[in-house]
Amino acid sequence: MKFSCMVAAAVALLPLTVSTDAFAPKAFIPRNNVGKENLAFQSTASAVTEVPTAPIAGMKPGTSGLRKKVEVWQGADEANKYYVENFIQSLLDTAVENNGGKMLETIIVAGDGRYFNTEAIQIICRVLSGNGVSNIWVPKGGIMSTPAVSAAIRGREGGLAQGGIILTASHNPGGPGEDFGIKYNEEYGQPAGEEFTDALYERSLAIKTFKTVEGTDTIDLDAQVGSAFSLTPTSTVTIIDPFEEYVAVLKQCFDFDAMKAFAKRPGFSILFDGMHGAGGPFARRVLIEELGFPESALMRCDPRPDFGKCHPDPNLTYAAELVKKMGLRPDGSADSSVDSAPTIGAANDGDGDRNLIAGAGCFVTPSDSLAMICDNWAAIPHFARAGGPKGVARSMPSSAALDVVAEALDIPFFVTPTGWKFFGNLMGSKEQFGKTDFTPFLCGEESFGTGSDHVREKDGLWAMLAWISILMKANENTPEGQSLVSVQEIVSKHWAKYGRHFYCRYDYEAVDSDAANKMMDLIRDKYVNGELSAVGADDSGIKLVDAEEFGYTDPVDGSTTSKQGLILGFEYSNGDPARVVFRLSGTGSAGATIRMYLEKYEKDEARHGEAAPVILKALADRAMGLVQLQELTGRNAPTVIT
C-alpha cells in the first residue's frame, strides 16, 4: 500500500442587479449588470494619513492565513490597537515588493460574514486606499465564499485583480470570544505561498507606520452592485456581484442542463447544509436558481456572524443535524431506525471551501470521496473533455485511497504537505511556471477539502456537484420507476475494486502548546531518530515497523518544506499494513491542536462494511501508548473523531 466617499447619487433609480437581501434566506438574485456609465457621484473630503505604530508579536500566518481571537483583531488591548492595520500594511508591502515595487492596482476584499467582518472591511479598504490601490472590489454585503474569491481574481474583467484579501477563520467558530482571520490570495487566485507569508511576518516585525484614509463616510456594503465609493481622488471601492465569475466556472465544469433535468427525477433528492456560512448564498444561487431544486434542499444557508452559534466545520460531530437526516449515526455508520433520507447530502464550512459528502445511510470520507471522483472522472465534463485528469494530488495525512486509483489509471499523482497552497503550484505548473501541464487537475485533503483547477482553492459546492454528476452517470441506464443507483452502491463497488482504506482522525483541540511539542519531540527522538528494534511488543499484535518525518520538495519550483508530520508505520499480525500520522494543526487561534490520523488497508471485501472507528480502535490505542499522549497532554479522549 502507498501510503468617501463618492457614492452613487442615482443608485435608487438604477435597474435592480442583486436582491437587497442577497444573503438572506430565500433571496432571489437577478444576474444582469449595472454599467459604471450609469452612476453619478458626489464627494466627501478625505485625507491620506501616515500613522505611527509599532510591531505586534505573533503575526505569523499558518497553513491558511493568520487566525486569532476576534478581540485581538479588534484591538481590545492597547498593545493590539492597530492589529488589522499593521497586518494589512505588512501584507501590502510584501505584495508590492513581489510586484516589482509597483503598487497593486486592483484588489478584492471579501469575508465569510463572521463577527467583525463588516468593520474589518472598512478598515482594510481605508488602508489600501491610503497606500494608493486604485480599484478595491468588495462583494455586495461584504460576503463571498473563498472559492468564489479565487474565481473572481482569475476571471473578473479578464483577471484584472492582482490579489484578494479574504476575511475568514475557515471552519473555526465565530462571534465574541471566538475566531477571526485574514488570508491573502495572489494573482492566479491561489493562496499565498510560504515565501510570501514568511516575508509578511518579517515586515510585521519591523513596521513603523501604516497609511490610511481619514474623513471618509462608511462604505455602504449593501449598496447595489456597481455602486462606487471614492475614498480618494485616485482610489475607488466598487460593489461587485459575488456570484458571477464563480457560477461561470462551475458551468464550465459541469453540465447544468443535464443536472437540471436530473433534479426532477423521481426518487432523487438532495440536502445541503450551509452551516450559516458564506457558502449558503452560493448554494442557493446554484442549487435552487440554476438547477431547480426545491427550497427544502437547503438548511442553514443564511450567513450569520456567529454561524448560528454552531461550529462551522463540516464533519460528523459539528454537522450532526445533517448527519442524522442522512440516516447516519455520529460515528458515520448507518442508522437503521431512519426510514428515508435524501439521495445525497453535503455540508459547507464557514467560508464555503470544505465539504462533507454523505449518501442515504452512507458517510463518504474525504479521502474516499477524492479517490472515487478520480475513478469516475468520465462523469464530470471538466475531466471528460480532456480524457481524464492530467494530475492528481493529496495531502500527506490523507489516506492512500487516491494513490491506488491514480496508479491503476496511470495518472501522475503527488503527495504534498497540508495546505492548499501546495496544490496551487501543481495546478499552475504551466500557467505560472511554463512547465508540465497537469490540468485538468484534481486534489484534496483529508480535512474535508476537495477541488479542481477551475479555481485555486478547495470548493465545497464543487464537490457536491461532482457527486451529483457521478450519480447521474451511474443512473443513465436506470429506467424510470426503478430504484436509483445509490451513493452506497457506488462506494461499495469502489471498495470491491480497489480495497478499502479504513480511515479516522482524532482531534485534540486547545492542548497546551508545550505539552503538544513535548509529545512531538518524543516521537521524533524515540522513533524517527531512535532504534525501532527496542520497541517492545504488546497484546495487540500490532508491530511498529517504520517511523519518518515528512518533508517535501516542490516538483514545480524546487522549494523545500520540512517537519510536516510524523509518520509511524505499523504491521498487523496477518501482515496488513497500517500507519498513524501525528501533526500539529496550523488552523487554530489558541493553544495547539494535535491531529492523529489512523489508516489501515483492507482488501477483504467481507470486512468493508465494518465501522472505521471500531476497526481502528486497537491501532489508536497502540499509537497513543507509544507516544504517551495521555501522560503528556492530560487528555484521555479526543475532542472530535472524524
Side-chain angles (χ1 to χ4, degrees), residues 63-64 112 145-147 168-173 191 271-280 282-283 300 307 310-323 326 328 330-332 344-359 362-374 393-399 401-402 416 418-420 422-423 442-452 455 457-467 487 491 501 503-507 509 581 583 585-588 593 595-599 612 638-642:
T63 55
S64 190
D112 62 12
S145 73
T146 290
T168 179
S170 188
H171 56 294
N172 293 7
L271 183 60
F272 185 93
D273 183 359
M275 302 192 85
H276 295 304
F282 292 84
R300 300 196 294 184
F307 303 107
C310 81
H311 189 146
D313 192 353
N315 59 41
L316 294 169
T317 298
Y318 297 128
E321 186 177 354
L322 172 79
V323 168
M326 293 306 302
L328 296 168
D331 65 357
I344 185 168
N348 243 172
D349 68 335
D351 65 328
D353 61 354
R354 299 184 185 221
N355 72 92
L356 176 150
I357 297 294
C362 176
F363 168 59
V364 186
T365 71
S367 295
D368 276 351
S369 177
L370 179 64
M372 292 169 193
I373 291 172
C374 182
R394 66 170 174 89
S395 62
M396 180 276 291
S398 303
S399 87
L402 176 67
T416 75
T418 296
W420 212 259
F422 296 103
F423 296 142
L442 174 67
C443 50
E445 297 177 337
E446 55 71 36
S447 54
F448 296 86
T450 317
S452 182
V455 294
E457 287 280 4
K458 49 186 173 282
D459 188 348
L461 187 54
W462 183 94
M464 186 181 200
L465 296 178
W467 269 95
V487 171
V491 169
H501 292 256
Y503 189 84
C504 219
R505 188 181 89 191
Y506 286 21
D507 283 2
E509 297 176 354
V581 176
R583 187 177 151 268
S585 172
T587 61
T593 295
R595 286 186 170 162
M596 181 174 73
Y597 310 83
L598 306 156
E599 179 179 4
T639 311
V640 179
I641 297 178
T642 56

## Note on the structure
Distance col, row Phe423:CZ vs Thr416:OG1, nearest 0.5 angstrom, shows 4.0 Å
### Message
Any heavy-atom pair between the side chains of Arg595 and Pro397 that's under 4.5 Å?
### Response
no
## Note on the structure
Looking only at heavy atoms, the pair that brings Pro147 and Gly352 closest together is CG-O, 3.7 Å
### Task
Only counting residues at least two apart or in another chain, list the ones meeting salt bridge (Lys or Arg N to Asp or Glu O under 4.0 Å) with Asp351.
none
#### Entry: Nearest non-hydrogen partners of Cys374 and Leu402, listed with the distance
CB-CD1, 3.9 Å
### Query
To the nearest 0.5 Å, what is the distance between CG (Asn315) and CG (Leu322)?
11.0 Å
### Query
Counting only N and O atoms by type, is there a donor-acceptor contact under 3.5 Å from the side chain of His171 to the main-chain atoms of His311?
no
### Query
For Ile641, which residues count as a side chain to side chain contact (heavy atoms under 4.5 Å, CB included) partner, sequence neighbours excluded?
Cys504, Tyr506, Pro638
### Task
Work out which heavy atom in Cys443 is nearest to a heavy atom in Trp420; give both atom names and the distance.
SG-CZ2, 3.4 Å
### Query
What residues, two or more places apart in sequence or in another chain, satisfy salt bridge (Lys or Arg N to Asp or Glu O under 4.0 Å) together with Asp349?
Arg354
### Message
According to side-chain hydrogen bond (donor to acceptor under 3.5 Å, both in side chains), who are the partners of Thr450, at least two apart in sequence or on a separate chain?
### Response
Asn355
### Query
What distance do Met464 atom CE and Leu271 atom CG have between them, rounded to the nearest 0.5 Å?
7.5 Å
### Partner set under salt bridge (Lys or Arg N to Asp or Glu O under 4.0 Å) for Arg505, not counting sequence neighbours
Glu446, Asp507
### Nearest atoms (heavy-atom pairs only) where Ala319 meets Ala347
CB-CB, 4.2 Å
### Message
To the closest 0.5 Å, what do you measure between OG (Ser145) and CG (Leu461)?
### Response
8.0 Å
### Shortest non-hydrogen contact from Leu316 toward Pro330
CB-O, 3.4 Å
All N/O donor-acceptor pairs, side-chain side in residues 363-372, below 3.5 Å, sequence neighbours left out:
from, atom 1, to, atom 2, distance (Å)
Thr365, OG1, Asp368, N, 3.1
Ser367, OG, Ser399, N, 3.0
Asp368, OD2, Trp495, NE1, 3.2
Ser369, OG, Trp467, NE1, 2.9

### Non-neighbouring partners of Asp273 that pass salt bridge (Lys or Arg N to Asp or Glu O under 4.0 Å), sequence neighbours left out
Arg300
### Message
Let's go through Thr642 and Tyr318 carefully: what are the C-alpha distance in whole Å and the side-chain angles of both, what is the deciding distance for side-chain contact (heavy atoms from CB on, under 4.5 Å) to 0.1 Å, and is it a yes or a no?
### Response
CA-CA 10 Å; Thr642 56; Tyr318 297 128; over 6 Å; no
### Query
Atom CG of Leu442 and atom CZ of Arg394: how far apart are they, to the nearest 0.5 Å?
13.0 Å
### Query
For the atom pair CG (Asn172) and OG1 (Thr593), what is the distance rounded to the nearest 0.5 Å?
8.0 Å
### Asp353 vs Lys458, side-chain contact (heavy atoms from CB on, under 4.5 Å): CA-CA, chis, key distance, verdict
CA-CA 5 Å; Asp353 61 354; Lys458 49 186 173 282; 3.4 Å; yes
### Counterpart residues, side-chain hydrogen bond (donor to acceptor under 3.5 Å, both in side chains), relative to Ser447 (two or more places apart)
Glu445
### Query
Among all residues two or more places apart in sequence or in another chain, which pass the ring pair (Phe, Tyr, Trp, His ring centres under 6.0 Å) test with Trp462?
Phe254, His454
